[in-house]
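Bear in mind the structure is a predicted one, so any value in this text is a computation, not a measurement. Order of appearance sets the numbers: ligands from 1, and atoms from 1 within every ligand. Along the sequence shown, residues are numbered consecutively beginning with 1.
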Amino acid sequence: MRIKRRPFLKTAIGASLATLTAKAQDAPPAGKKLGWALVGLGSLSKNQIAPALLKTQHSKLAAVVTGTPEKGVQWREQYGLAEDKVYSYENFDKIIDDPSIDVVYIVLPNSMHHEFTLRAARAGKHVFCEKPMANSAKECREMIAACEAANRQLGIGYRCQFEPHHREAIRFAREQVFGPLQHVDAGFGFAIGDPKQWRLRKDLAGGGALMDVGVYALQACRYLAGEEPLEVVALETKTDPVKFAEVDETITWSMRFPSGLTANCLTTYHFNGRDDFSAYGTKGRFGMKPCYGYKGQTGWTSDPKIPLAFPQTDHFVAEMDAFSQAILQGKPFEPSGAEGLRDLLVIEAIYRSIASGKKESI
Ligand code: NAD
């Protein structure tokens with residue numbers, strides 16, 4: 001089948017690349033930093049986001065929101081925050097009167113993204129929300145509507161879209177450096193520990209490996225393809241039905257795209273080692289392994305003259321500054337809520353296919 005492509009800059013991810021490659025004259029005023037409030041002070045906030053906010057050029061930590069007062073004290077001491085910059089989940093809405101907060105970054109269990117996005121938008125704040133955007137496409141639509149009604153931006157924490165290897169891979173695909181893409185194979189998973197954690201509870205996580213890390217493989221297929229999948233067929237397997245009583249453990253799925261491109265994906269909470277994509281064009285191949293972690297991105301291609309190799313970067317610094325820059329410049333940010341919604345639409349079709357045992361349209 002002949003492969004036809006939509007112009008990439010018309011797609012969400014194309015717009016994201018355009019935002020990132022904004023010319024120097026578009027740069028915001030030197031020294032201007034937007035204030036970010038972190039909601040949820042768990043592992044990601046503590047180990048990745050707060051340290052990144054010490055390195056950002058256009059973003060700074062302005063406040064924290066936590067359900068644990070002792071954590072608030074620790075964070076005040078560590079980051080030099082005033083007492084009134086620690087909010088609780090209950091008094092969070094008071095941020096409406098806090099002009100030091102421009103952006104609310106939601107780093108809570110997935111089921112809480114929807115509520116806190118709506119509350120942040122009502123308080124007149126821009127929202128940056130961790131992946132997966134929400135537990136359902138319906139919630140995503142409500143989050144988008146709430147931010148639109150408040151005239152505030154909604155960004156999703158798809159940090160790989162700001163990582164140089166991934167961005168170069170997208171360029172390979174878009175410019176057909178290895179010919180038009182015919183197939184993508186992508187997988188991400190790990191052996192999950194503590195059986196009591198929220199990631200294994202359906203009410204908090206919305207799903208299992210697919211919602212948590214499968215979304216990275218799905219993202220890779222979508223941003224390499226530059227078009228939206230039409231249909232999906234999926235298989236689920238569980239080796240431990242007790243631990244994974246509420247959520248999925250391992251899922252494989254295949255997608256068909258309008259151009260004829262196909263994709264095969266795997267996600268798992270059962271074993272380590274899958275963390276890659278391979279992309280197959282008519283004239284060659286390229287891929288990454290490791291691929292989706294915070295560091296260690298390693299690329300390969302079938303042509304030694306065209307390397308896929310860059311220095312390591314801090315993905316969180318890049319994505320937060322890109323969001324602040326978009327706000328400062330009054331430009332739409334991508335990946336936006338629309339991008340998060342597109343993933344949830346595919347994820348819902350994957351779960352429908354598992355339930356029906358049939359191919360499902362997206
Ligand atoms: P975590 O368990 O380490 O932290 C979750 C935080 O939410 C904790 O501070 C916890 O106290 C708080 N919380 C509030 N109500 C809770 C409840 N009912 N149950 C459990 N915790 C509750 O999780 P995390 O790894 O920081 O993940 C937070 C979000 O960030 C998730 O949506 C996850 O998908 C996302 N995430 C993204 C990346 C990435 O690379 N972009 C990496 C890890 C996590």
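- Listed by number with element, the atoms of ligand 1 under 4.0 angstrom from any heavy atom of Y89 are 12 (C), 13 (N), 14 (C).
- In terms of the ring pair (Phe, Tyr, Trp, His ring centres under 6.0 Å) criterion, residue partners of W36 (sequence neighbours excluded) are, by chain and number, Y105, F128, F323.
- Ligand 1 has at least one atom lying under 4.0 Å from a heavy atom of K71.
- When Y292, W198, Y294 are ranked by how near their heavy atoms come to atom 42 (C) of ligand 1, first place goes to Y294.
- A donor-acceptor contact under 3.5 angstrom links the side chains of H114 and E142, judged on distance only.
- Between D314 and K55 a salt bridge is recorded (basic side-chain N to carboxylate O distance below 4.0 Å).
- Across A134, G157, G42, heavy-atom proximity to atom 9 (O) of ligand 1 is greatest for G42.
- Counting the atoms of ligand 1 from 1 in the order shown, those under 4.0 Å from a heavy atom of L204 are 18 (N), 19 (N).
- Atom 32 (O) of ligand 1 has as its closest protein heavy atom N110 OD1, 2.8 Å.
- Salt bridge status for D303 with K305: present, with a side-chain N to carboxylate O gap under 4.0 Å.
- What sits closest to atom 35 (C) of ligand 1 on the protein, heavy atoms only, is K131 O, 3.6 Å.
- Here is the list of ligand 1 atoms found below 4.0 Å of a heavy atom in Y216: 38 (C), 39 (C), 40 (O), 41 (N).
- Of all atoms in ligand 1, listed by their number and element, those nearer than 4.0 Å to a heavy atom of E130 are 30 (O), 35 (C), 36 (N), 37 (C), 38 (C), 39 (C), 41 (N).
- Note on D102 versus K125: no salt bridge recorded, every NZ/NE/NH1/NH2 to OD/OE distance being 4.0 Å or above.
- Ligand 1 lies less than 4.0 angstrom from a heavy atom belonging to H113.
- With ligand atoms numbered from 1 in the order given, ligand 1 contributes 39 (C), 40 (O), 41 (N) to contacts under 4.0 Å with heavy atoms of R159.
- At a cut-off of 3.5 Å, with distance as the only test, a side-chain donor of S336 or E334 sits close to an acceptor on the other residue.
- Within the structure, ligand 1 lacks G67 among the residues with a heavy atom less than 4.0 angstrom away.
- Of all atoms in ligand 1, listed by their number and element, those nearer than 4.0 Å to a heavy atom of S43 are 1 (P), 3 (O), 4 (O), 26 (O).
- Within the structure, the salt bridge (charged side-chain N to carboxylate O under 4.0 Å, His left out) test picks out no pair touching residues 148-165 (sequence neighbours left out).
- For the pair Y158 and ligand 1, no heavy-atom separation below 4.0 Å is found.
- Checked options I106, I156, N110; the residue passing with M133 is I156 (criterion: side chain to side chain contact (heavy atoms under 4.5 Å, CB included)).
- Taking a 4.0 Å cut-off on heavy atoms, Y105 fails to register as neighbouring ligand 1.
- Other residues, nucleotides and ligands contribute over 12 non-hydrogen atoms within 6.0 Å of the CG atom of N91.
- Among R199, M112, Q48, Q197, the residue whose heavy atom lies nearest to atom 27 (O) of ligand 1 is R199.
- Within 6.0 Å of NZ on K238 lie more than 12 heavy atoms contributed by other residues, nucleotides or ligands.
- Of all the atoms in ligand 1, the ones that sit under 4.0 Å from a non-hydrogen atom of F316 are 40 (O).
- Among protein heavy atoms, atom 28 (C) of ligand 1 sits closest to V107 O, 3.4 Å.
- Using a 4.0 Å cut-off between charged side-chain N and carboxylate O, R222 and E339 make a salt bridge.
- Salt bridge K131/D343: absent, no basic N to carboxylate O contact under 4.0 Å.
- For atom 36 (N) of ligand 1, the closest heavy atom belonging to the protein is L44 CD2, 3.6 Å.
- The shortest heavy-atom contact between A52 and F316 is CB-CB, 3.7 Å.
- Among P109, A205, S45, the residue whose heavy atom sits closest to atom 13 (N) of ligand 1 is P109.
- Within the set L41, L108, D212, the minimum heavy-atom distance to atom 31 (C) of ligand 1 is found for L108.
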